[in-house]
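Step one of this worksheet: look at the structure below.
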Protein chains: 2
Amino acid sequence: MDSKSAHTKAKVLETALGMFRSKGFAKTTMRAIAAEAGISLGSAYYYYASKDELVLELYRESVAEQRAAASTGMRGSSGLGDRIKLAMHAGIDALTPYHGFGGTFISSALPPQSAVNPFGEASAEVRENAIGIFREAVEGAKIPAFLRAQLPELLWLAYMGVVLFWVYDHSANQRRTRTLIDGAAPLIAKLVSFSRLPVVKPLVEEALALKTKVQA
Amino acid sequence: MDSKSAHTKAKVLETALGMFRSKGFAKTTMRAIAAEAGISLGSAYYYYASKDELVLELYRESVAEQRAAASTGMRGSSGLGDRIKLAMHAGIDALTPYHGFGGTFISSALPPQSAVNPFGEASAEVRENAIGIFREAVEGAKIPAFLRAQLPELLWLAYMGVVLFWVYDHSANQRRTRTLIDGAAPLIAKLVSFSRLPVVKPLVEEALALKTKVQA
DNA sequence: CACATCTTTTGAACATGTTCAAATAAGGTC
DNA sequence: GACCTTATTTGAACATGTTCAAAAGATGTG
């Protein structure tokens, strides 16, 4: 029966994510997950080949949550700056339950060979979804043609920087990260709008060309 | 005898760094280090409380090497773009022997509670030294006054981004990273020089203000 | 020298992520 | 139903970073 297997797999995931939220990543051992799910350690590994794969699901869910919240919020505001703000705040909102363990998460999320690393093969689908959020943010606004195609990915990259900042942010409720978003979003919007001007345009074009060149 | 103890400690470090270079971070186990150094596992831990502390020394040495090479090189060139290029290339040069294991290194280098994390308390001294490289790079050039103080740290931050890019760079000899540096350095220099212009100046000022605000 | 204190060394022990061969259950075929 | 194949489960085993209490050595004091 396929559904039996699927059910067990779902239970492992559910248990794991719940424990990640309540105990943190490091303290949630594979043995504890298996015990809580009522199966053996080996069985847990039968469904998820590594602890990283479980984290990938976490990443997937948080992006989905971010996207839903951002989409809803964007129906209300039309300025590029505000839409970027919304997208980024929604992301941090979705991650907030994990901030206490953010450090332990990132240590498993950044190594290139990890399934969770946001730039890697395994997370391609999730990354696409995340970039899509910024594609939505850009859609409503007037963007110079030469920037339009690349902008969503650039915004996602900037957002990755924000997340890194957030991981290290020990201020109460990560207020500094919120301040960063509130300040950076309008600045980015301004830069985009200025990118039409004769002084700025060549600079931006050069940067875009470099990005393309370096991605090959 | 103090020097006996110091000698043992030095031997552990020397052995560890050598093995990091030849075997990589993951494959260099604490047991292997101890064995190679001719002491017991417990003794190794007596001198270095964790594997991370060994990596911190690696970080320290690589920055020292980077600084030496950059300083020497900068005597020849005076343009800001060229000096930034030199500083960054020197850094990547120093890191190159570890690229094969870059991934494993970064996984231990980024968690906030790690001794190695470049933004943390434990690595403050090394970070200061690293920022100093960019302070040198800036010293020779004409920089707008309102930018002068903050620029070195900003350049270091940009360099951290380059290092992250390098970690994921699988092109032959990390050519893409070199291309990135060669393209980004003149661009940064141009941006700095343009920051005097009436259109660009308020943008840059706003960004600097945000940085200050967010650091508090 | 005898003793006390501090430094260094040791090896066993622990927890954890991961692997694996073997056992068991399920499903399909004759 | 008997048999074969595939899916699932299990528990033991392994490697590794780290901890720790106890032993051994060094140093200073009377």
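Just so we're on the same page: letters track the sequence lines, and every chain starts at 1.
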Query - Candidates A/Val63, A/Val116, A/Leu56 - the one meeting side-chain contact (heavy atoms from CB on, under 4.5 Å) with A/Ser123 - result: A/Leu56
Query raised in the report: Which residues pass the ring pair (Phe, Tyr, Trp, His ring centres under 6.0 Å) test with A/Tyr45, sequence neighbours left out?
Result: none
Query raised in the report: Hey, can you pull the residues of residues 9-34 of chain A with a non-hydrogen atom under 4.0 angstrom from DNA chain D?
Result: A/Arg31
Query - Shortest non-hydrogen contact from B/Ala141 toward B/Arg148 - result: O-NH2, 3.6 Å
Report summary line: ring pair (Phe, Tyr, Trp, His ring centres under 6.0 Å) filter on A/Tyr159, not counting sequence neighbours, yields A/Phe134
Report task. Just grab all the salt bridge (charged side-chain N to carboxylate O under 4.0 Å, His left out) pairs involving residues 51-69 of chain A, residues at least two apart or on different chains. Result -> A/Glu57-A/Arg60, A/Arg60-A/Glu125, A/Arg67-A/Glu136
Report summary line: Rounded to whole Å, CG of B/Leu54 lies from C1' of D/dT18 at a distance of 14 Å
Report task. Could you please name the option among D/dA7, C/dT9, D/dT18 that lies closest to any side-chain atom of B/Thr8? Result -> C/dT9
Query raised in the report: Side chain of B/Tyr46: nearest nucleotide among C/dG17, C/dT10, C/dT9?
Result: C/dT9
Query raised in the report: Of B/Ser50 and A/Ser40, whose nearest nucleotide on DNA chain D comes first from the 5' end?
Result: A/Ser40
Query raised in the report: Does B/Ser5 place a side-chain N or O at less than 4.0 Å from the phosphate oxygens OP1/OP2 of C/dT8?
Result: yes
Query raised in the report: Between B/Arg175 and B/Asp182, is the closest basic N to carboxylate O distance under 4.0 Å?
Result: no
Requested in this report: Using a 4.5 Å cut-off on heavy atoms from C-beta on, say whether the side chain of A/Leu13 contacts that of A/Tyr47.
Outcome: no
Report task. Identify, with sequence neighbours excluded, every residue that meets ring pair (Phe, Tyr, Trp, His ring centres under 6.0 Å) alongside B/Tyr168. Result -> A/Phe119
Requested in this report: Measure the distance from CD1 on B/Ile39 to P on C/dG11 and round it to the nearest whole Å.
Outcome: 11 Å
Atom pairs under 3.5 Å: protein N/O with N/O of nucleotides 19-21 of chain D:
none

Query raised in the report: For B/Glu36, does its backbone N or O pair with a side-chain atom of B/Thr15 as donor and acceptor, under 3.5 Å?
Result: no
Query raised in the report: Within the pair A/Ser43 and D/dT10, is there a side-chain N or O less than 4.0 Å away from OP1 or OP2?
Result: yes
Query raised in the report: How close or far is atom P of D/dG17 from atom OH of B/Tyr47, stated in whole angstroms?
Result: 20 Å
